[in-house]
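Down below is the structure, laid out as structure tokens.
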Protein chains: 2
Amino acid sequence: MRDNEKVADLIALEELLQVQFHDRTLLQRAITHHSCCVETAVHDSYDTLEFLGDAIIGAHVVEHIYRTYPNATEGEMTALKSEVVSRRVFARIGQKLGLFPFIRIDLANLRTFNERSRDSLCADVLEAIVGAIHIDQGPEVARDFIARVILPVVEQVSQEADINPKGKLQKVILQRTGNLPRYRVLEQSGRNNDRVFLVGVYEQEHLLGMGRASSIKEAGKLAAKEALEALRRKNG
Amino acid sequence: MRDNEKVADLIALEELLQVQFHDRTLLQRAITHHSCCVETAVHDSYDTLEFLGDAIIGAHVVEHIYRTYPNATEGEMTALKSEVVSRRVFARIGQKLGLFPFIRIDLANLRTFNERSRDSLCADVLEAIVGAIHIDQGPEVARDFIARVILPVVEQVSQEADINPKGKLQKVILQRTGNLPRYRVLEQSGRNNDRVFLVGVYEQEHLLGMGRASSIKEAGKLAAKEALEALRRKNG
């Protein structure tokens, strides 16, 4: 590819990303697979930028989850994070954003290339672009990019995966009544390792759902699920 | 513990951390193990702050590695990161900082408690404190705290683990001569999956070391190791 074509490509990519780079060689690197530069991959391919971007995205996704789902347990947050920060989700975002045509790859240097490789490349390059933005533009621009391009999927994934029933119930109840749902342990039986808790979830004094499990956390989650199902039936 | 004792403790901890909180209940939460608040752990224990702090520390450690070892491969960076962002290292930092006496834990609620639990608590609380600083003080104060308390171990760990010989060699050669070491493929034999590369590392035209492996990366790493050993023998 000639140099002026390369530059035109990078400008088009900047428009897509809504970010103008000070140093376009960083953006160039973020879209370059190591098959294009076997001997100089450490400096010219996206590998280390991808490593950086992955960690930065992780921190922002976790912060977003922490702030958005204040009633989720650490286990629920971890589950949601690992659903979001996944090859599958990043590939979907990268493909939708239209990154693929910009990626520089030397197919002759690769053994196999299929639809999955395509997805995987888009996921890699999305992360590498975040790394490049962070280095070139600083943490605030990177944060804004992540907020615009990646964080919107968190709620989507959280609903798909049915991972956070207590957070979802809170949102629904808050919208309907202005109150927060409350959880109460209604019954506790067994002892030591065989304990069973029955937890109820209430809006004011109105029982919305109940759940039974070996921990209060899990029982509360089941109660919230039951409450959400009951509300769906009522509205459906 | 009476309320004024609690406050005195939190003030002492703030002095230790060199951070003054706007909302001390966040700091209080960061040092509270869920054994102290079984029923209200989601809001009163450090679990979710730890989850947040872990991700934030991860991002800063990765950025620091990226900036400090520009010649490291993604694999070397990943190895160094996982050495640094580990229970063992965080426990060491937390213990050295003197966090243990501040941690609130209800031993009667725990089955076993030993030296390892102590370490593990210090690691948890270090992460939770970073999460609390981030929420209470914003990303810059959190970054400064991490730079002061955690990042100094990166170089230490990198030397302990002998993980990054190319980076180390570069530093040594740059200090001695103002030049960067250069790597050259001297020989290439075999084919396809049985390739073997011989790589030499040079300061100007002076051969410092050689390494042989099935990838250029790995051969370069071995060459750097050999060079470092030769320099040590020369100086020892």
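Note on naming: letters A, B, ... go to the chains in the order of the sequence lines (proteins, then strands), and numbering restarts at 1 for each one.
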Between B/Ile135, B/Ile216, B/Ile65, B/Val38, the one whose heavy-atom pairs under 4.5 Å with chain A are most numerous: B/Ile135
Quick one: of B/Arg143, B/Glu63, B/Lys81, who has the most non-hydrogen atom pairs under 4.5 Å with chain A? B/Glu63
So for B/Ala72, is it side chain, backbone, both, or neither that comes closer than 4.5 Å to the heavy atoms of chain A? backbone
With a 4.5 angstrom heavy-atom cut-off, is it the side chain or the backbone of B/Ser45 that approaches chain A, or both, or neither? neither
Measuring from atom NE2 of B/His34 to atom NZ of A/Lys217, what distance do you get when rounded to the nearest 0.5 angstrom? 6.5 Å
Return the OH to CD distance between B/Tyr183 and A/Glu39, rounded to the nearest 0.5 Å. 14.5 Å
Check: A/Val42 and B/Lys166 side chains under 4.5 Å, non-hydrogen atoms: no
Can you check whether anything in residues 118-132 of chain A gets within less than 4.5 Å of chain B, heavy-atom wise, and list it by number? none
What option among A/Val62, A/Asp47, A/Thr73 has the most heavy-atom pairs under 4.5 Å with chain B? A/Val62
Residues 49-61 of chain B: residues contacting chain A (heavy atom under 4.5 Å, by number): B/Leu49, B/Phe51, B/Leu52, B/Ala55, B/Ile56, B/Gly58, B/Ala59
A/Val185 portion near chain B, given a 4.5 angstrom heavy-atom threshold: side chain
Assess whether atom [atom1] of [X] is packed by more than 12 heavy atoms of other residues, nucleotides or ligands within 6.0 Å.
| X | atom1 | answer |
| --- | --- | --- |
| B/Arg87 | CZ | yes |
| A/Arg182 | CZ | no |
| A/Arg148 | CZ | yes |

